[in-house]
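Input: a single structure, listed below in structure tokens.
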Amino acid sequence: MRFLDYLISWAIGFALAAVVIYTFFQSPVFMAVGGVICARFVPKHYQKFRTKRRLNDLRLQFKDLLESLTSSYSAGKNTVDAFGDASNDMISIYGEDAYIVKELRTICTGLNNNINIEALLLDFANRSSLDDVMSFANVFEVCNRQGGDLKRVVSETREIINDKIEIEMEIETMISGNKNELNVMMVMPLIVALMLRGLGGGSITANTPVNIVTKLVCIGIFAMAYVIGQKIIDIKI
């Protein structure tokens, strides 16, 4: 991540922790200490979130790449021309700075310098860590060396990725209600704490040693419940 990304993640972590801790403890000292501690752990999770989002974007772009390659192979073009045309198509769709455009530039440059397409695709697959790209690279390598039907390989790979994306979208729609319920349940402790203070529950909300320990345990339980809930609804295909 860039330094700006670290600043954003630190700010998000500090702000969230500060709101939660101040709601429970009403103490600027606890708020500052808790915010700093939580901010140290957020960049790792923020990096995973950004990586997952970028890989999803790259996979969608890769699907469109396969569609462009299918059209080129159907027109009887060779591999070099097919990837060159695909690069132009991706630029017109996603722009010069898209992830797939940068990868295609690397592939086209390698092809112009007599590097095997199999090596270039495997390098792309290893760096992206996408299973779909790795499967395509392996099948393409065998098919290209054995003289197989590249048009059919590319077309069937595109269809498989389309099916996976459609299934994931259906699952996402089915569990969207559960995600909303999980988020609402995580906000409820804050609402309860504010209600207790508004009702004058001084003995309950006071920062006595017993109350501090109890609040910390409760916050830890809810944090653990949120992590477990996120893992349950994170369904992978």
Side-chain angles (χ1 to χ4, degrees), residues 1-5 8 46-174 176 234-237:
M1 296 198 300
R2 298 172 301 173
F3 182 71
L4 179 60
D5 296 323
I8 294 174
Y46 183 74
Q47 183 179 19
K48 291 182 179 179
F49 167 76
R50 289 288 301 275
T51 301
K52 183 178 179 180
R53 189 171 65 177
R54 288 184 178 184
L55 288 179
N56 287 334
D57 293 340
L58 180 59
R59 187 175 62 169
L60 293 175
Q61 295 171 8
F62 179 70
K63 176 180 70 71
D64 292 334
L65 166 63
L66 295 181
E67 186 172 351
S68 177
L69 290 176
T70 301
S71 300
S72 297
Y73 282 123
S74 300
K77 296 184 178 180
N78 57 31
T79 299
V80 176
D81 293 337
F83 277 91
D85 292 344
S87 178
N88 295 329
D89 292 340
M90 295 302 101
I91 291 175
S92 63
I93 296 174
Y94 296 107
E96 294 281 349
D97 297 328
Y99 306 130
I100 196 66
V101 172
K102 296 178 181 179
E103 296 297 337
L104 283 172
R105 285 174 180 166
T106 302
I107 292 174
C108 292
T109 301
L111 290 174
N112 293 330
N113 287 278
N114 297 323
I115 300 177
N116 292 332
I117 182 61
E118 297 93 338
L120 295 170
L121 289 176
L122 287 174
D123 176 64
F124 173 31
N126 290 326
R127 288 185 293 103
S128 68
S129 71
L130 285 173
D131 294 335
D132 295 325
V133 180
M134 179 59 72
S135 299
F136 173 73
N138 291 330
V139 175
F140 191 95
E141 179 182 13
V142 175
C143 184
N144 194 42
R145 290 185 178 182
Q146 300 298 328
D149 188 354
L150 291 176
K151 172 189 171 184
R152 181 179 178 183
V153 170
V154 175
S155 178
E156 291 184 354
T157 303
R158 177 178 59 84
E159 292 178 359
I160 292 173
I161 295 177
N162 278 336
D163 292 340
K164 289 179 63 177
I165 293 175
E166 289 178 0
I167 294 173
E168 289 180 353
M169 291 178 64
E170 291 179 1
I171 294 175
E172 189 72 20
T173 302
M174 294 173 61
S176 60
D234 185 17
I235 302 175
K236 299 181 180 179
I237 301 177

| request: Please identify each residue that fulfils salt bridge (charged side-chain N to carboxylate O under 4.0 Å, His left out) with R2, with sequence neighbours left out. | output: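 Here the qualifying residues are D5.
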Smallest separation among heavy atoms of [X] and [Y], with atom names:
| X | Y | answer |
| --- | --- | --- |
| L55 | S128 | CD2-O, 3.2 Å |
| A82 | L69 | O-CD2, 3.6 Å |
| K102 | D97 | CE-O, 3.5 Å |
| D81 | N78 | N-OD1, 2.8 Å |
| L65 | A86 | CD1-CB, 3.5 Å |

Those residues that, when tested against [X], pass side chain to side chain contact (heavy atoms under 4.5 Å, CB included) (two or more places apart):
| X | result |
| --- | --- |
| K52 | N56, D234 |
| T70 | S74, V154, S155, R158 |
| I8 | L4, I12, Y46 |
| D89 | S68 |

| Test log, rule side-chain contact (heavy atoms from CB on, under 4.5 Å), inputs K164 and D132 | CA-CA 10 Å; K164 289 179 63 177; D132 295 325; 3.0 Å; yes
| field | By side-chain hydrogen bond (donor to acceptor under 3.5 Å, both in side chains) - contacts of E159 (at least two apart) | value | none
Using 0.5 Å steps for rounding, measure from the [atom1] atom of [X] to the [atom2] atom of [Y].
| X | Y | atom1 | atom2 | answer |
| --- | --- | --- | --- | --- |
| I93 | N88 | CD1 | CG | 11.0 Å |
| T106 | L111 | OG1 | CG | 11.0 Å |
| E156 | I161 | CD | CD1 | 12.5 Å |
| T79 | I107 | OG1 | CD1 | 11.0 Å |

| field | Pairs where residues 61-76 contributes a residue and the test salt bridge (Lys or Arg N to Asp or Glu O under 4.0 Å) is met, not counting sequence neighbours | value |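 Every candidate salt bridge (Lys or Arg N to Asp or Glu O under 4.0 Å) pair involving residues 61-76 fails, so no pair, neighbours aside, qualifies.
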| said: Applying salt bridge (Lys or Arg N to Asp or Glu O under 4.0 Å) as the test, list every pair that has at least one member in residues 70-79; sequence neighbours left out. | reply: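 Pairs touching residues 70-79 that pass the test: K77-D85.
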| said: Please check this pair: side chain of S176 against backbone of T173, looking for a donor-acceptor N/O pair closer than 3.5 Å. | reply: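 Looks like yes, one N/O pair under 3.5 Å.
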| Which pairs with one or both residues in residues 125-163 pass ring-ring contact (aromatic ring centres under 6.0 Å, His included), sequence neighbours excluded? |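 Output for this query lists F62-F136, F136-F140.
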| Pairs in or reaching into residues 69-116: which pass ring-ring contact (aromatic ring centres under 6.0 Å, His included), with residues at least two apart or in two chains? | none
| said: Heavy-atom count check: over 12 atoms from other residues, nucleotides or ligands less than 6.0 Å from R50 CZ? | reply: yes
Name the atoms and distances for all side-chain donor-acceptor pairs under 3.5 Å in residues 115-126, with sequence neighbours left out.
{"unit_1": "E118", "atom_1": "OE2", "unit_2": "N144", "atom_2": "ND2", "d": "3.0"}
{"unit_1": "D123", "atom_1": "OD2", "unit_2": "R127", "atom_2": "NE", "d": "3.0"}
{"unit_1": "D123", "atom_1": "OD2", "unit_2": "R127", "atom_2": "NH2", "d": "3.3"}
{"unit_1": "N126", "atom_1": "ND2", "unit_2": "L122", "atom_2": "O", "d": "3.0"}

